[in-house]
Engineer: 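The structure's right below; bear with me while I get my questions together.
Small disclaimer: the values here were computed from a predicted structure and weren't measured.
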Protein chains: 2
Amino acid sequence: MKNSVNVGVIGLGGRGSGMIGVMAMMEDINILAVCDKYQDRVDNAVKKLVEKGRPAPMGTTDYNEVLNMPGIDSVYIATDWECHIKIAIESMKKGIPAAMEVGGAYTLDECWELVKTYEETGVWTMMMENCCYGEREMMALNMARDGVFGDIVFCSGQYAHDLREEVAYGEKNRHYRLRNYLHRNCENYPTHELGPIAMILGINRGNRMLSVSSVCSKSVGMKDYVRQHKDLRPTLGNAEFAQADIVKSFITTERGELIELTLDTCLPRFYSRGFTVRGTKGLYQEDGDMVYLDKKQYHKNEWNQKKFWGRAKKFERKYSHPLWQDTTKEMLDAGHGGMDWHVIRAWIVSVKNGTLPPIDVYDAAAWMSITPLSEISLQNGGAAVEIPDFTCGKYKNRKPKKDSIYDLK
Amino acid sequence: MKNSVNVGVIGLGGRGSGMIGVMAMMEDINILAVCDKYQDRVDNAVKKLVEKGRPAPMGTTDYNEVLNMPGIDSVYIATDWECHIKIAIESMKKGIPAAMEVGGAYTLDECWELVKTYEETGVWTMMMENCCYGEREMMALNMARDGVFGDIVFCSGQYAHDLREEVAYGEKNRHYRLRNYLHRNCENYPTHELGPIAMILGINRGNRMLSVSSVCSKSVGMKDYVRQHKDLRPTLGNAEFAQADIVKSFITTERGELIELTLDTCLPRFYSRGFTVRGTKGLYQEDGDMVYLDKKQYHKNEWNQKKFWGRAKKFERKYSHPLWQDTTKEMLDAGHGGMDWHVIRAWIVSVKNGTLPPIDVYDAAAWMSITPLSEISLQNGGAAVEIPDFTCGKYKNRKPKKDSIYDLK
């Protein structure tokens with residue numbers, strides 16, 4: 001077991017530069033290298049680490065220099081979506097376990113390539129799906145395992161986040177979302193919601209996803225936003241956005257559960273992952289933060305949902321995940337309410353212990369494949385599209401393992 | 001204009017016998033006849049009306065006697081779902097305007113027949129969709145008309161009501177739901193949610209529904225319920241329920257809005273119609289009773305949805321529908337929180353004034369057609385199925401009319 005881990009960080013946009021701030025809080029992480037294709041971001045990252053009292057890392061605009069650097073134990077990849085899998089594959093081929101930020105894939109081929117590279121090299125990639133470590137997501141996982149919801153029938157989640165400003169000003173901020181929103185129409189960000197659901201349903205561990213079908217609304221949110229902002233007219237005044245305002249995707253599973261995913265990023269709204277678990281004995285629902293159980297004292301208020309607003313809080317004492325029982329203010333403040341801290345720890349502990357990560361290439365490939373598959377479904381009027389079994393049958397015998405507090409399986 | 005209306009009531013199960021109680025509170029309604037295929041229900045209805053100080057109506061088990069009774073101005077139909085359209089058609093053919101309770105259709109043919117009979121006879125049928133008169137639904141309608149939500153992009157609604165007891169003990173209670181749940185798998189109850197949404201989106205009035213596709217979960221809720229109740233074992237111990245626990249249906253419209261309907265009646269949960277309206281300027285959402293608008297003071301709390309729980313209440317003063325501003329305690333207590341009162345008034349006022357009802361055969365046919373179409377879609381793996389234009393092009397020129405406070409158009 002290693003006492004500390006030498007990492008390289010590739011991709012220093014909003015996410016990458018935020019995450020080096022969290023990593024810098026952890027004494028067992030040494031950031032040896034930082035990389036971005038834009039030199040100013042590299043300079044800022046180096047400066048930021050030095051200001052935090054850390055040794056100045058090597059800075060580069062060529063990620064090959066990071067992968068070839070002696071002593072690197074793992075790399076963290078937070079580039080544009082288009083390069084996630086490509087760089088993870090190159091990293092595995094160099095013998096370096098990779099931590100890959102979230103996003104959707106572009107083709108099924110690259111998902112297969114991710115899996116095959118792991119199988120050929122024996123070197124892993126972990127998908128850094130922080131929402132798998134969300135407080136409520138982990139509490140629901142605990143409750144589901146304890147049978148509180150009974151036989152689970154339906155789960156839903158959404159990436160419901162007003163991104164209009166981020167998308168519209170993307171050009172200026174060199175953000176990859178703009179080009180994606182202009183040219184693609186799909187469930188472009190499935191993993192925040194699908195990750196925690198997949199853990200609860202045992203996807204790739206006894207269960208698997210069979211098909212996905214997607215439907216969408218018109219695309220008017222971004223156009224309306226551009227109309228409202230004069231400074232956007234020169235660049236986006238005549239732009240047509242391919243991305244629908246709302247995309248719904250339905251996934252069927254071998255065990256008969258239905259999963260609903262929603263992408264909802266172009267209209268004004270409060271943030272919500274809309275995380276919902278429904279079973280024969282009860283439910284958790286994020287909107288309203290509600291738990292409802294099949295018990296007499298619940299039935300008497302069934303017509304008055306207000307009685308259940310915030311009720312989930314009462315289950316924290318019994319069902320909070322152990323990870324969350326020990327969550328300090330420092331972790332909470334580190335980013336996204338504690339999730340960022342925990343997902344980094346899950347990665348680093350896997351590197352230190354030389355164990356497989358809790359979210360592996362099979363998970364990453366399956367979850368990320370929803371993006372190109374939803375695109376195909378939308379192009380075919382919502383027809384159901386088959387989801388490959390990236391485990392090639394191994395899902396049947398892949399068992400939950402619980403040898404680390406970070407294991408979600 | 002008539003001063004009072006002579007009605008016959010056909011169908012005296014839970015809904016019919018409840019509604020005669022409401023009608024008996026209205027001085028301008030004379031219930032001349034009550035009918036059900038079960039004599040005990042007829043006897044109880046007669047008794048109930050006499051106890052309320054009303055003249056004893058004619059009681060019969062043959063609805064033809066009601067349709068043939070001299071002086072009947074209109075009939076109210078609350079039989080099993082299977083007979084709604086059949087009796088409405090017979091009523092129109094006899095020259096009697098009908099009020100038809102909610103439910104789905106069984107075939108497209110009967111939907112077409114409903115429309116054709118109206119067109120041939122000039123006698124109308126009103127669908128008694130009480131949820132079109134719901135307080136929040138009408139407030140949202142007002143807000144939508146006033147542009148508060150901007151360009152509307154997405155609407156959703158659900159019939160989310162734990163009906164396990166009603167379905168399981170249906171045999172004993174002679175309820176039509178049991179046979180439907182045993183033998184059919186479809187969106188069997190689309191109108192509570194689709195009705196109010198159709199009014200907001202101008203369906204059949206400038207806009208129309210194009211296609212529906214449905215997906216579903218497994219069916220385990222009813223089996224689990226039967227297992228828990230020993231007294232059900234003799235009759236339902238080996239029963240297989242065809243109806244999925246959760247059915248989701250997606251409707252596309254000519255103007256590009258996406259509509260999501262959910263049937264969710266076989267798992268424990270609080271009641272919710274999940275009514276949601278999303279536009280370029282804001283949203284209403286029933287779960288949490290939230291309004292969120294695209295304004296600075298909302299954005300600052302976008303990460304904390306709790307701040308918006310119950311916020312819709314603040315919009316009542318400005319946007320409550322005039323109908324609801326004058327709603328008395330008597331109306332509220334009459335049934336389903338006031339909706340039953342209002343839908344009866346809408347019907348009776350149409351009869352008295354000799355005007356067309358606010359919810360007509362084109363609405364009824366379109367909304368009810370979702371049931372057989374969802375069944376076809378589910379049988380075909382979720383394939384999108386075309387929704388007929390029951391107006392045969394007239395929807396393009398059908399205008400909203402506002403000559404009565406009950407008009408929803």
Side-chain angles (χ1 to χ4, degrees), chain A residues 150-151 153-154 161-162 211 213 215-221 223-225 228 244-246 248 250 252 255-258 260 264 266-272 278-283 285-290 292-295 298-299 301-310 381-384, chain B residues 150-151 153-154 161-162 211 213 215-221 223-225 228 244-246 248 250 252 255-258 260 264 266-272 278-283 285-290 292-295 298-299 301-310 381-384:
Chain A
D151 185 3
V153 173
F154 173 80
H161 185 184
D162 178 357
S211 71
S213 50
V215 289
C216 71
S217 73
K218 59 187 170 185
S219 170
V220 292
K223 273 199 124 163
D224 181 77
Y225 187 85
Q228 286 175 53
D245 293 343
I246 308 247
K248 295 261 173 187
F250 293 85
T252 60
R255 289 187 186 156
E257 301 97 345
L258 180 65
E260 174 172 18
D264 172 1
C266 300
L267 297 172
R269 64 161 299 135
F270 55 90
Y271 179 91
S272 170
R278 300 290 308 282
T280 52
K281 293 194 190 316
L283 68 84
Q285 179 179 310
E286 179 176 332
D287 279 2
D289 199 29
M290 295 186 264
Y292 182 98
L293 301 179
D294 195 13
K295 293 181 174 172
Y298 288 81
H299 292 184
N301 290 314
E302 71 166 319
W303 287 87
N304 187 359
Q305 66 151 273
K306 285 181 197 183
K307 295 271 184 191
F308 303 101
W309 292 353
Chain B
D151 185 3
V153 173
F154 173 81
H161 186 185
D162 178 358
S211 72
S213 50
V215 290
C216 70
S217 73
K218 60 188 170 186
S219 170
V220 292
K223 273 199 125 167
D224 181 78
Y225 186 86
Q228 285 176 53
D245 294 343
I246 308 248
K248 295 260 173 188
F250 293 84
T252 59
R255 289 187 188 156
E257 301 97 346
L258 179 66
E260 174 172 18
D264 172 1
C266 300
L267 298 172
R269 62 160 302 137
F270 55 88
Y271 179 91
S272 169
R278 301 289 309 281
T280 52
K281 293 193 191 317
L283 68 83
Q285 179 179 310
E286 179 176 332
D287 280 2
D289 199 29
M290 294 185 263
Y292 182 97
L293 300 180
D294 194 14
K295 293 180 176 173
Y298 287 80
H299 292 185
N301 290 314
E302 72 167 316
W303 288 87
N304 188 359
Q305 67 152 271
K306 285 182 197 182
K307 295 273 184 189
F308 303 102
W309 292 352

Engineer: Which bit of A/Asp287 comes within less than 4.5 Å of chain B, counting heavy atoms only: side chain, backbone, both or neither?
Structural biologist: both

Engineer: If you tally heavy-atom pairs under 4.5 Å against chain A, which of B/Lys306, B/Lys307, B/Gln285, B/Glu257 wins?
Structural biologist: B/Gln285

Engineer: Taking all heavy atoms of A/Pro268 and all of B/Gly279, pick out the closest pair and write down the distance.
Structural biologist: CD-O, 3.6 Å

Engineer: Which atoms form the tightest heavy-atom contact between A/Glu302 and B/Arg269, and what is the distance?
Structural biologist: OE1-O, 3.9 Å

Engineer: In chain order, what residues pass the salt bridge (Lys or Arg N to Asp or Glu O under 4.0 Å) check against B/Lys223, with sequence neighbours excluded?
Structural biologist: B/Glu240

Engineer: Which heavy-atom pair separates B/Ala384 from A/Gly381 by the least distance, and what is that distance?
Structural biologist: CB-O, 3.8 Å

Engineer: Measure distances from B/Ser213 to the heavy atoms of chain A and classify the residue's part below 4.5 Å as side chain, backbone, both or neither.
Structural biologist: side chain

Engineer: Using heavy-atom distances under 4.5 Å, tell me whether A/Asn304 contacts chain B through its side chain, its backbone, both, or neither.
Structural biologist: neither

Engineer: So, do B/Asp245 and A/Arg278 sit near enough that their side-chain heavy atoms are less than 4.5 Å apart?
Structural biologist: no

Engineer: Any side-chain heavy atom of B/Asp264 within less than 4.5 Å of one from A/Phe154?
Structural biologist: no

Engineer: Check whether A/Leu267 gets within reach of chain B through its side chain, its backbone, both or neither, counting any heavy atom under 4.5 Å.
Structural biologist: both

Engineer: Can you tell me how the ring of A/Tyr271 sits relative to the ring of B/Trp303, calling it parallel under 30°, perpendicular over 60° and tilted otherwise?
Structural biologist: parallel

Engineer: Sequence neighbours excluded, which residues qualify as ring pair (Phe, Tyr, Trp, His ring centres under 6.0 Å) partners of A/Phe308?
Structural biologist: A/Tyr292, A/Tyr298

Engineer: Answer yes or no: is there a side-chain heavy-atom contact under 4.5 Å between A/Val215 and B/Leu258?
Structural biologist: yes

Engineer: Who wins among B/Ala383, B/Cys216, B/Gly382 for the most heavy-atom pairs under 4.5 Å with chain A?
Structural biologist: B/Cys216

Engineer: Tell me which of these, B/His299, B/Lys218, B/Met290, has more heavy-atom pairs under 4.5 Å with chain A than the rest.
Structural biologist: B/Lys218

Engineer: Check A/Ser272 against B/Gln305 and note the closest heavy-atom contact, atom names and distance.
Structural biologist: OG-NE2, 3.9 Å

Engineer: Taking every non-hydrogen pair under 4.5 Å, which of A/Thr252, A/Ile246, A/Leu293 racks up the most with chain B?
Structural biologist: A/Ile246

